[in-house]
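Before any comments, here is the structure.
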Amino acid sequence: MSTPPRLRFAPSPTGDLHVGGARTALFNWLYARHNGGQFLLRIEDTDRARSTDESTRAIFDGLNWLGLTWDEEVVYQGANLARHQADALRLLENGSAYRCFCTPAELDERRKEAEARKDAFRYDRRCDRLDPAEVERRVAAGVPHVLRFRVPDGSTEWDDMVHGRIAFPNKDIEDFVILRSDSTPIYNMAVVSDDIAMRITIVMRGDDHISNTPKQILLYSALGSPLPRFAHLPMIHGTDGKKLSKRHGATAVGDYQHLGILPSAMRNFLALLGWSPGGDLEVMMLDELVERFGEDGLLKKAAVFDPKKLEWMNGQHLSILPVEDVAQWVMPALIAAGLATASELAERHDWFILLLELLRVRSRTIDDVVRQARPFLVEEITYDPDATAKQWKDAAHTITLLSETRDRLEALSDWSPEPMEEALRELAESHGITAGKLFQPMRVALTGLAVSPGIFDVLVMLGKERSLARLEAAVASLERGQTD
RNA sequence: GGCCCCAUCGUCUAUCGGUCAGGACGCCACCCUUUCAAGGUGGAGAGACGGGUUCGAUUCCCGUUGGGGCUACCA
């Protein structure tokens with residue numbers, strides 16, 4: 001193996017980029033990267049009725065978000081119609097294919113009859129037995145017809161990179177259509193023609209394509225082209241064991257992007273669906289994935305997509321990634337949520353990074369970070385009713401506590417954790433309560449929430465002025481509540 | 001119906017004939033602790049079934065069962 005492998009991802013633009021497609025793209029990309037080969041992208045837009053530019057864009061966006069860049073110009077299958085036809089005609093000329101005049105209606109009829117008899121329908125080759133003169137006559141008369149591939153006797157087999165040897169008796173493969181009566185190519189014809197033209201050496205795709213493979217191998221042979229290697233990846237199922245579909249909720253990679261998942265975590269998670277590095281390794285960054293990815297770890301069994309584990313994985317990446325990398329994804333989310341502007345974040349970049357360090361370890365998604373960042377970014381906070389109900393139960397007592405806290409903190413000349421802790425623990429002690437009994441009401445006053453980073457971190461991040469103001473506002477709010 | 005693929009905890013998986021069948025997510029308990037996370041410790045939890053092959057099978061072979069895919073002039 002000296003020539004670098006060439007692989008491709010070939011989605012049809014009929015919807016969003018699904019996690020299944022993304023996984024297939026990832027594996028192709030990883031394999032190409034690991035082996036110093038190329039990863040190409042081909043848009044299979046020959047189904048004019050279902051293909052949309054919007055879907056094509058969604059595929060580009062999804063791939064870009066995942067960081068799966070392709071190496072050459074995107075190939076649009078629809079642009080290669082002439083070559084597909086030429087290849088199909090070559091097959092007719094070299095005797096590998098024949099003209100079939102059976103109409104769709106007739107075929108449908110026979111199919112139904114076979115079904116009624118509980119027989120497996122297979123085209124009976126009647127047009128292949130037509131007298132050559134008759135064929136000529138019909139062609140001359142302009143009778144519509146398709147081109148069918150004449151499947152030879154024998155068995156079609158290959159060594160699949162994930163399944164090992166797979167064999168199909170040719171008798172089970174019918175003489176399939178390669179060119180429609182409107183002279184457009186059928187899927188298998190177009191794919192093989194393109195893969196040959198793109199000099200693809202490894203075809204890695206979902207194992208729902210296993211039954212297409214013998215037909216494609218037959219086409220390669222008839223066309224006199226060398227075979228690529230095939231790798232059929234296991235399907236991805238929903239939690240109910242059924243093939244992943246819309247009804248399972250979020251299935252498009254764009255959905256997860258909007259749910260606050262990091263591309264790094266998505267890649268890591270997807271890589272583990274159908275591949276294993278062996279051993280106990282799970283959390284891996286891109287370079288490590290590239291480094292370890294190989295056909296030895298390819299798995300056969302369909303995997304269930306577990307969003308819970310994805311979230312956990314995301315939490316890991318949120319905590320482990322260089323903080324500046326995380327910031328790159330969190331900042332736009334903060335801006336989109338209206339909590340800050342780009343210039344505000346740029347002005348206080350160091351402060352923001354400190355805040356992010358505090359929040360990321362206690363978050364599983366970018367959305368979690370945004371939610372917790374709110375009290376640190378906006379002027380006015382609102383009090384979570386559950387939090388006040390629990391922590392501000394005794395209004396009078398809380399007012400006293402918070403007022404005294406405010407005064408003690410104001411007296412501090414050094415706004416840092418050590419003196420704060422000293423002062424506040426002393427205050428708690430003077431009231432005969434545990435520190436927690438003081439910190440919790442404080443937390444609500446400072447953030448409006450029952451959960452936050454450590455109370456001293458909160459004070460430091462908020463700054464003295466804003467901290468005191470929040471405490472005063474809380475006291476005012478409690479006093480108002482008392483007189484109501 | 002026909003053809004093909006697949007089969008270890010609920011889920012993702014390790015094991016390349018000999019293991020107390022390991023790890024991770026999730027779940028439960030405890031520890032840490034100013035909350036929430038994170039972290040730590042422990043717990044419950046699996047070889048679908050039946051035959052072979054072998055001194056010995058989760059592992060190799062066959063069958064059964066179960067699940068999935070394909071079965072178009074869709075891709």
Side-chain angles (χ1 to χ4, degrees), chain A residues 10-14 44-47 49-51 77 100 102-104 107-108 111 114-115 117-122 144-148 160 162-163 166-169 171-174 176-188 190-191 206-214 232 234-235 237 239 241-243 269 272-283 296 299-306 308-313 315-316 319 359-364 368 372 387 391 421 424-425 428 434-440 442-444 447 449-456:
Chain A
S12 50
T14 54
E44 308 214 318
D45 55 353
T46 51
D47 185 343
R50 290 196 298 155
S51 299
Q77 190 162 61
C100 170
C102 300
T103 67
L107 259 12
D108 210 46
R111 206 176 337 258
E115 236 167 69
R117 290 194 308 271
K118 292 211 164 189
D119 278 346
F121 176 79
R122 213 162 294 117
H145 60 276
V146 301
L147 250 38
R148 278 185 190 274
D160 198 90
V162 354
H163 293 279
I166 298 181
F168 282 79
K171 66 174 176 52
D172 292 325
I173 308 168
E174 74 170 349
F176 54 97
V177 174
I178 56 175
L179 207 61
R180 298 188 185 89
S181 52
D182 67 357
S183 78
T184 58
I186 225 69
Y187 173 73
N188 284 314
V191 166
D207 66 16
D208 49 342
H209 282 286
I210 286 180
S211 53
N212 281 320
T213 305
H232 288 96
M235 299 278 87
H237 289 173
T239 332
K242 300 251 160 56
K243 188 178 178 179
F269 180 72
L272 262 15
L273 254 33
W275 173 75
S276 165
D280 296 336
L281 211 59
E282 287 208 293
V283 179
D296 286 350
L299 273 10
K300 301 170 166 180
K301 203 182 85 167
V304 173
F305 187 90
D306 180 5
K308 280 272 187 36
K309 187 150 186 177
L310 204 212
E311 272 204 9
W312 166 80
M313 183 71 79
Q316 294 293 310
S319 299
L359 302 183
R360 64 172 176 161
V361 67
R362 31 176 62 78
S363 304
R364 275 158 105 90
D368 286 343
Q372 298 182 83
Q391 305 301 341
E421 178 152 16
L424 296 179
R425 286 198 187 275
T434 60
K437 289 272 188 266
L438 171 61
F439 297 166
Q440 276 307 91
M442 264 182 80
R443 192 184 313 282
V444 178
T447 67
L449 307 171
V451 307
S452 83
I455 203 73
F456 309 119

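Chain A is the first sequence line, chain B the second, and so forth, proteins listed ahead of strands; every chain is numbered from 1. Note that the structure is a prediction, hence the values are computed from the model and not measured.
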Tabulate protein N/O versus nucleotide N/O from nucleotides 58-63 of chain B, keeping only pairs under 3.5 Å, one per line.
none

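- Taken to the nearest 0.5 Å, the CD atom of A:Gln391 stands 4.5 Å off from the CD atom of A:Gln440.
- Inter-residue side-chain proximity for A:Cys100 and A:Val177 is flagged as unmet; no heavy-atom pair is nearer than 4.5 Å.
- Rounded to a whole Å, the CG atom of A:Leu449 is 20 Å from the P atom of B:U34.
- Counting non-hydrogen atoms under 4.0 angstrom, A:Val146 reaches a base of the nucleic acid.
- Looking at residues two or more places apart in sequence or on another chain, you find a ring pair (Phe, Tyr, Trp, His ring centres under 6.0 Å) between A:His145 and A:Phe101.
- B:C25 atom P lies 14 Å from atom CD of A:Glu311, rounded to whole Å.
- Searching all strands for a Watson-Crick or G-U wobble partner of B:A7 with both distances below 3.5 Å returns B:U65.
- Summarising the geometry, the separation between NE2 on A:His209 and C1' on B:U71 is reported as 15 Å, rounded to the nearest angstrom.
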Grab the N/O contacts between the protein and nucleotides 6-15 of chain B below 3.5 Å, and write none if there aren't any.
from: B:C6; atom 1: OP1; to: A:His163; atom 2: ND1; distance (Å): 3.2
from: B:U8; atom 1: OP2; to: A:Lys301; atom 2: NZ; distance (Å): 2.6
from: B:C12; atom 1: OP1; to: A:Val304; atom 2: N; distance (Å): 3.0
from: B:C12; atom 1: O2'; to: A:Leu272; atom 2: O; distance (Å): 3.3
from: B:U13; atom 1: OP1; to: A:Gly274; atom 2: N; distance (Å): 3.1

Please tabulate the protein-to-nucleotide N/O contacts below 3.5 Å involving nucleotides 1-4 of chain B, giving atom names and distances.
from: B:G1; atom 1: O2'; to: A:Lys118; atom 2: O; distance (Å): 3.2

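- For the residue pair A:Ser363 and A:Asp368, the shortest heavy atom distance occurs at CB-CB, 3.5 Å.
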List, with names and distances, any nitrogen or oxygen atoms from the protein found under 3.5 Å away from nitrogen or oxygen atoms belonging to nucleotides 27-32 of chain B.
none

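- Residue A:Pro453 is in base contact, counting any heavy-atom pair closer than 4.0 Å across all strands shown.
- As a whole-Å value, the separation of A:His237 NE2 from B:G68 P is 7 Å.
- The residue A:Arg111 sits close only to the backbone: its heavy atoms come under 4.0 Å of sugar-phosphate atoms, none of a base.
- As a whole-Å value, the separation of A:Ile455 CD1 from B:U34 C1' is 7 Å.
- Using a 4.0 Å cut-off, no side-chain N or O of A:Arg443 falls inside it from OP1 or OP2 of B:C36.
- Using a distance-only test at 3.5 Å, with no hydrogens or angles considered, no donor-acceptor pair links the side chain of A:His232 to the main chain of A:His163.
- Atom CG in A:Asn212 sits about 9 Å away from atom C1' in B:A75, given to the nearest Å.
- A:Val304 approaches A:Leu273 most closely through the heavy-atom pair O-CD1, 4.4 Å.
- If you check every strand for non-hydrogen atoms under 4.0 Å, A:Ser452 touches a base.
- A donor-acceptor contact shorter than 3.5 Å links the side chain of A:Thr213 to the backbone of A:His209.
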Pairs under 3.5 angstrom, nitrogen or oxygen only, protein versus nucleotides 37-41 of chain B, please.
from: B:A37; atom 1: O2'; to: A:Val361; atom 2: O; distance (Å): 3.0
from: B:A38; atom 1: OP1; to: A:Arg364; atom 2: NH1; distance (Å): 3.2

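- Rounding to whole angstrom units, CD of residue A:Gln440 and P of B:U33 are separated by 16 Å.
- Within the nucleic acid shown, A:His232 has no heavy atom closer than 4.0 Å to any nucleic acid atom.
- Side-chain atoms of A:Arg443 do not come within 3.5 Å of backbone N or O of A:Gly454 as any donor-acceptor pair.
- With a cut-off of 3.5 Å on both Watson-Crick or G-U wobble distances, the partner of B:C30 is given as B:G40.
- Going from atom CE of A:Met313 over to atom C1' of B:C25 covers 9 Å, rounded to whole Å.
- Panel note: side chain A:Ser12, backbone A:Thr14; no donor-acceptor pair is recorded below 3.5 Å.
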